[in-house]
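Numbering of ligands and ligand atoms starts at 1, following listing order. Quick caveat: nothing in here was measured; it's all calculated off a predicted structure. Throughout, residue positions are numbered sequentially from 1 according to the sequence presented.
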Amino acid sequence: MKYSILGATGLKVSVLCMGCLVLGPAQYNLSDEESRELIDYAVSKGVNFFDTSELYGVYRQLRCLKDKSGVVISSRSYAASRDEMKASLETARREMNRDKIEIFGLHEQESGLTLKGHMQALEYLAESREKGLIDAVSVSTHYVACVRSAALLPEVDVILAILNIDGIGIADGSRQDMEEALAFARYMGKGVYLMKALGGGHLFRKSYEALCYTRDFPYKDSVCVGVKNKAELDFACGVLCSDITPEKAENLEAVIRASPKRLVVEPWCQGCGKCEEKCGFGAISVTGGQARVDLSKCMLCGYCARVCPYFCLKVV
Ligand code: SF4
Ligand code: SF4
């Protein structure tokens, strides 16, 4: 495993951050035992960086990390007020059975204005950092404008931003816009790690190329990848650490590509209908305020995911 220092936080993190959304009810809903086995395997490969959120419902599965040394857990919530953020941090500490959550922050921020609207929560987190309840304050975002604003805030230590080879899911700009914003954030001393390297699963047909792109992007410390089994973990580790040959990586990619896949709608779908308008196969429709997929018609082309404003269509 290779490691980086996460900006000015001093935290040493593996270049592969294990994304834990896949463990929970929104995706694979692995049992505690299955989760523990996968997490233990990740730790045995040198992974020490784990990404989660209050929203994902996986704190219980992450309890198994309690006694492992050098682990860095990053979580976040939608809390806007001081009291809400206090409750979120306490929930995380209690449910993961940890005195300290290394990184805690604001989930899915959009701009300088939304950051301003969450200033009470940010100030509470900055105080918690002083008290040692956390090591660093983070912001996660799909927005270029938010990266640029967060880069200027002294309360923020770490930025988790969307970036992938096709720019899927960047809400307000191109891949190049996000690359430039992240370079600026790094220049301002922020720790940066990337999410959606595989475009929410939609880049599965070129996952090797997609992971190589994030590996070679210079303005980041780590790349968060959701992995649901040991083969996917071996693949992500091998590519991000450059310790497998291109031939071996392509063989592993072929195995992963051939495994069964389906399109899922995350629970935070807003029922806006953009996906239904885009799909040329009649495979997705909105009923009762929620998009629903007809798996018998879905070609996994990914067009719907590119227009979803909330990034709630994933291939798993
Ligand atoms: S585009 Fe996204 S938010 Fe809108 S209905 Fe489809 S899945 Fe839901
Ligand atoms: S992945 Fe393609 S076929 Fe499937 S619902 Fe989306 S647009 Fe339609």
Heavy-atom neighbours of [X] [atom1] exceed 12 at 6.0 Å:
X	atom1	result
D216	CG	yes
M299	CE	no
K66	NZ	yes

Throw together a table of side-chain donor-acceptor distances under 3.5 angstrom for residues 228-246, partners on residues two or more places apart or in other chains.
from	atom 1	to	atom 2	distance (Å)
K228	NZ	E232	OE2	2.4
N229	OD1	A231	N	3.3
N229	OD1	E232	N	2.8
K230	NZ	E37	OE2	3.3
E232	OE1	K228	N	3.1
D234	OD1	Y41	OH	2.7
D234	OD1	K45	NZ	3.0
D234	OD2	Y41	OH	3.2
T245	OG1	K248	N	3.0

Assess whether a salt bridge exists between [X] and [Y], defined as any Lys/Arg side-chain N lying under 4.0 Å from an Asp/Glu carboxylate O.
X	Y	result
R175	E179	yes
K274	E277	no
K100	D135	yes

For atom 8 (Fe) of ligand 2, check which protein N, O or S atoms are under 2.8 Å away and list them.
C279 SG
Heavy atoms only, cut-off 4.0 Å: how does C312 contact ligand 1, side chain, backbone, both, or neither?
side chain
Honestly, for V307 the part within reach of ligand 1 (heavy atoms, under 4.0 Å) is neither
With respect to Y193, which candidate in S4, S138, S74 satisfies the side-chain hydrogen bond (donor to acceptor under 3.5 Å, both in side chains) definition?
S74
Counting each atom of ligand 2 from 1 as listed, which ones have a heavy atom of G302 under 4.0 Å away?
1 (S), 2 (Fe)
Proximal atoms of ligand 1 relative to [X] (non-hydrogen, under 4.0 Å):
X	result
G271	5 (S), 8 (Fe)
Q270	3 (S), 8 (Fe)
G273	4 (Fe), 5 (S)
Y310	3 (S)
L313	7 (S)

Tell me the protein heavy atom at minimum distance from atom 4 (Fe) of ligand 1, and give that distance in Å.
C272 SG, 2.3 Å
Relative to F104, does R76 satisfy both conditions: NZ or CZ under 6.0 angstrom from the six-membered ring centre, and within 45 degrees of the ring's axis?
no
Would you tell me whether D294 and S296 have side-chain atoms, one donor and one acceptor, within less than 3.5 Å of each other?
yes
Is the Y3 to F49 ring centre distance short of 6.0 Å?
no
Among C269, P309, C308, S285, which residue places a heavy atom closest to atom 2 (Fe) of ligand 1?
C308
